[in-house]
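Written below as structure tokens is the structure these notes are about.
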2 protein chains.
Amino acid sequence: MNNAKRILEENGISPSLQRVIILRYLLEQSSHPSAEQVYQALIQEIPTLSKTTIYNTVKLFSKKGIIRQIALYGNELHYETQPGIHAHFLCTKCGKIIDLIQPEEESFVKECNGHLIKEKEVIYKGICKDCREG
Amino acid sequence: MNNAKRILEENGISPSLQRVIILRYLLEQSSHPSAEQVYQALIQEIPTLSKTTIYNTVKLFSKKGIIRQIALYGNELHYETQPGIHAHFLCTKCGKIIDLIQPEEESFVKECNGHLIKEKEVIYKGICKDCREG
DNA sequence: TTCTCTGCAAACGCTTTGCACGGAT
DNA sequence: ATCCGTGCAAAGCGTTTGCAGAGAA
């Protein structure tokens, strides 16, 4: 049942302790954590963990296509393990990121005006349910 | 024909020299410049221009809804004066940003799962026509 | 006077880079 | 011995903040 380790091996990445734990954490989350959030969550598990390792690791994972980085503002990046399929909703009040089922076409155009499209990212911004009610 | 000045006045912003020139530049561009690009383009026109003023100004314009900021990577923001209507294509090779006519629905859903949607941003990533051919 | 706008300088936050240590092969 | 992975420390880069001076009202 060690999913993270298996994924790493399938992608030709040697499954070090840090890599397994970081990937496992990202697989568990649906909240698209930032590097800082990954760090805060795992520093207790591995007290010697450094941010450099997190940056090294997510860069490696991105390159291999295991995770995807999302730029929501101009500052920090967020990471997710389920590329495609869904869009992101960002609450401009509380900062929460929520997955939305992509309402329209699942398979998007692969070419437009001669440009080769490899990736599509949809971000909605507004006020989330909790902030509207609360 | 001073469009920039008129837009500022319509939005209750006093049209200082710097504000007019920055807005005029943004209106002329279809390339979604970053703060740095605005600075480099206008420093010749106003040698005393500072980046702080550019940041102050684009923040003010954003707040008033005159321009829109686009987060493409995790680092810098880009600015555009034509909100809505189109999607953005980012070439991962040369970094160019190209407008695409939004192929699907023009008027998107305003609510989803109880979340109030105010803004939609679509980013395609891939290789642009020039990079494919060159 | 007071209020607004500008811009230098410093601080800030996220990320990358340089380098050295330790472990595996 | 070499190679790889980790992590401290410093640098880098885009942006924000503090503050003071100039100018308008």
Side-chain angles (χ1 to χ4, degrees), chain A residues 4-5 8-9 11-26 32-64 66-79 90 95 97, chain B residues 4-5 8-9 11-26 32-64 66-79 90 95 97:
Chain A
K5 194 177 171 192
L8 290 177
E9 284 165 349
N11 284 275
I13 299 172
S14 67
S16 74
L17 177 65
Q18 286 85 342
R19 286 168 176 172
V20 170
I21 287 178
I22 292 172
L23 181 54
R24 194 172 64 206
Y25 178 74
L26 289 175
H32 318 80
S34 64
E36 176 67 28
Q37 288 168 329
V38 175
Y39 178 76
Q40 290 303 333
L42 301 180
I43 187 67
Q44 294 162 17
E45 200 164 341
I46 312 180
T48 60
L49 185 66
S50 85
K51 291 233 185 106
T52 305
T53 299
I54 292 171
Y55 284 113
N56 287 339
T57 304
V58 293
K59 181 176 284 183
L60 177 63
F61 290 176
S62 295
K63 208 172 293 176
K64 294 285 187 174
I66 300 173
I67 67 172
R68 179 173 173 175
Q69 18 182 63
I70 322 164
L72 290 170
Y73 336 90
N75 49 4
E76 62 184 355
L77 289 168
H78 293 254
Y79 304 96
L90 169 66
I97 306 162
Chain B
K5 192 175 174 194
L8 291 177
E9 283 165 349
N11 283 275
I13 300 171
S14 68
S16 74
L17 177 64
Q18 287 84 342
R19 286 168 177 171
V20 170
I21 286 180
I22 291 172
L23 181 54
R24 194 172 63 205
Y25 177 74
L26 289 175
H32 317 81
S34 64
E36 175 67 27
Q37 289 168 328
V38 175
Y39 178 76
Q40 290 303 333
L42 300 180
I43 186 66
Q44 294 163 16
E45 201 162 342
I46 313 179
T48 60
L49 185 65
S50 84
K51 291 232 184 108
T52 306
T53 298
I54 292 171
Y55 285 113
N56 287 340
T57 305
V58 293
K59 182 176 283 183
L60 177 65
F61 291 175
S62 294
K63 209 173 290 175
K64 295 285 186 174
I66 301 174
I67 65 171
R68 180 174 173 175
Q69 18 180 63
I70 321 164
L72 290 170
Y73 336 88
N75 48 2
E76 62 185 354
L77 290 167
H78 293 253
Y79 305 96
L90 169 67
I97 306 162

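Protein chains get the first letters and strands the later ones, always in sequence-line order, with residue 1 at the start of each.
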Output a table of nitrogen or oxygen pairs between the protein and nucleotides 8-11 of chain C separated by less than 3.5 Å.
| from | atom 1 | to | atom 2 | distance (Å) |
| --- | --- | --- | --- | --- |
| C:dC8 | N4 | B:T52 | OG1 | 3.2 |
| C:dA9 | N6 | B:T52 | OG1 | 3.3 |

Residue-phosphate contact under 4.0 Å: B:T53 side-chain N/O, C:dG7 OP1/OP2: yes
Produce a footprint string for nucleotides 20-25 of chain C: one letter per nucleotide, 5' end first; B if the base is under 4.0 Å from any protein heavy atom, S if only the sugar-phosphate is, - if neither. ------
Using the salt bridge (Lys or Arg N to Asp or Glu O under 4.0 Å) rule, collect all pairs that involve residues 47-58 of chain B, keeping only residues at least two apart or in two chains. B:E36-B:K51
Residues pairing under salt bridge (Lys or Arg N to Asp or Glu O under 4.0 Å) where one sits in residues 41-50 of chain A, two or more places apart or in two chains, turn out to be A:R24-A:E45
Just to verify, what does A:T48 make a side chain to side chain donor-acceptor pair (under 3.5 Å) with, not counting sequence neighbours? none
Residues passing the side chain to side chain donor-acceptor pair (under 3.5 Å) test with A:S50, sequence neighbours excluded, are A:T53
Can you sort out which residues in residues 37-47 of chain B have a heavy atom within less than 4.0 Å of DNA chain D? Ascending by number, please. none
Go through the structure and list residues passing side-chain contact (heavy atoms from CB on, under 4.5 Å) with A:L77, not counting sequence neighbours. A:Q69, A:A71, A:Y79
Run the side-chain contact (heavy atoms from CB on, under 4.5 Å) test against B:Q37 and tell me which residues pass, sequence neighbours left out. B:P33, B:S34, B:H78
Select base, sugar-phosphate, or nothing to describe what A:Q18 touches, counting heavy atoms under 4.0 Å on all strands. sugar-phosphate
Specify the separation, in whole Å, of atom CD1 of A:I54 and atom P of C:dT16. 13 Å
Any ring pair (Phe, Tyr, Trp, His ring centres under 6.0 Å) pairs touching residues 40-61 of chain A, not counting sequence neighbours? none
Going 5' to 3' along DNA chain D, between which two nucleotides do contacts with chain B fall, using a heavy-atom cut-off of 4.0 Å? D:dG14 to D:dT17
Residue pair B:L60 / B:I13: nearest heavy atoms and the distance that separates them: CD2-CG2, 3.8 Å
